[in-house]
Amino acid sequence: MKFDVSLVSRMSDEIEQSGKRMREMVNSPYELQMELQKLESSLQSLKSLTENQSQAGSNANTTQTYPNQNQS
């Protein structure tokens, strides 16, 4: 499975937006819980991506050892 850079970008944008919503609009425990669920979902997506990479073999030629290493 290839590393999905676009997924990382989308999830980081969603995490950033969640933080902004918590700062600006959360006014109740329910609203906070909803934002936390969104954050947990985003983090789980990223965690899944790294777990899938590990299962594919960490010694693969496409493994990145530093950011943007395999980007052209």
Side-chain angles (χ1 to χ4, degrees):
M1 179 176 182
K2 293 180 106 179
F3 186 76
D4 189 349
V5 176
S6 63
L7 174 64
V8 174
S9 179
R10 287 191 313 272
M11 292 300 97
S12 64
D13 287 344
E14 181 55 39
I15 290 168
E16 180 181 9
Q17 291 304 316
S18 247
K20 288 179 181 179
R21 285 189 299 268
M22 282 193 289
R23 186 179 324 116
E24 297 169 1
M25 297 186 290
V26 169
N27 293 311
S28 72
Y30 175 76
E31 291 173 340
L32 179 58
Q33 181 181 18
M34 297 307 294
E35 284 305 320
L36 288 175
Q37 286 176 351
K38 290 175 188 175
L39 281 170
E40 288 173 347
S41 176
S42 296
L43 292 172
Q44 188 59 42
S45 293
L46 293 172
K47 186 177 179 182
S48 254
L49 184 61
T50 60
E51 287 171 352
N52 288 337
Q53 287 298 112
S54 296
Q55 292 172 0
S58 60
N59 63 346
N61 290 335
T62 58
T63 300
Q64 292 186 354
T65 55
Y66 55 91
N68 301 320
Q69 172 185 351
N70 299 328
Q71 306 303 312
S72 53

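The figures here come from the full heavy-atom set of this structure, side chains too, leaving out hydrogens, waters and symmetry mates.
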S45 side, atom OG; K47 side, atom NZ - distance, nearest 0.5 Å:
12.0 Å
Please identify each residue that fulfils side-chain contact (heavy atoms from CB on, under 4.5 Å) with S6, with sequence neighbours left out.
D4, R10
Can you name the salt bridge (charged side-chain N to carboxylate O under 4.0 Å, His left out) partners of E31, sequence neighbours left out?
none
In the hydrophobic cluster built from side-chain contacts under 4.5 Å, what are the other members alongside Y30?
M34
With sequence neighbours left out, write down each residue that passes side-chain hydrogen bond (donor to acceptor under 3.5 Å, both in side chains) with S18, or none if nothing qualifies.
R21, E35
Mind checking side-chain contact (heavy atoms from CB on, under 4.5 Å) for L46 and listing every partner two or more places apart, or none if nothing turns up?
V8, M11, I15
Residues that E40 engages under salt bridge (charged side-chain N to carboxylate O under 4.0 Å, His left out), provided they are two or more places apart
none
Approximate separation, where rounding is to 0.5 Å, of L36 CG and S41 OG:
12.5 Å
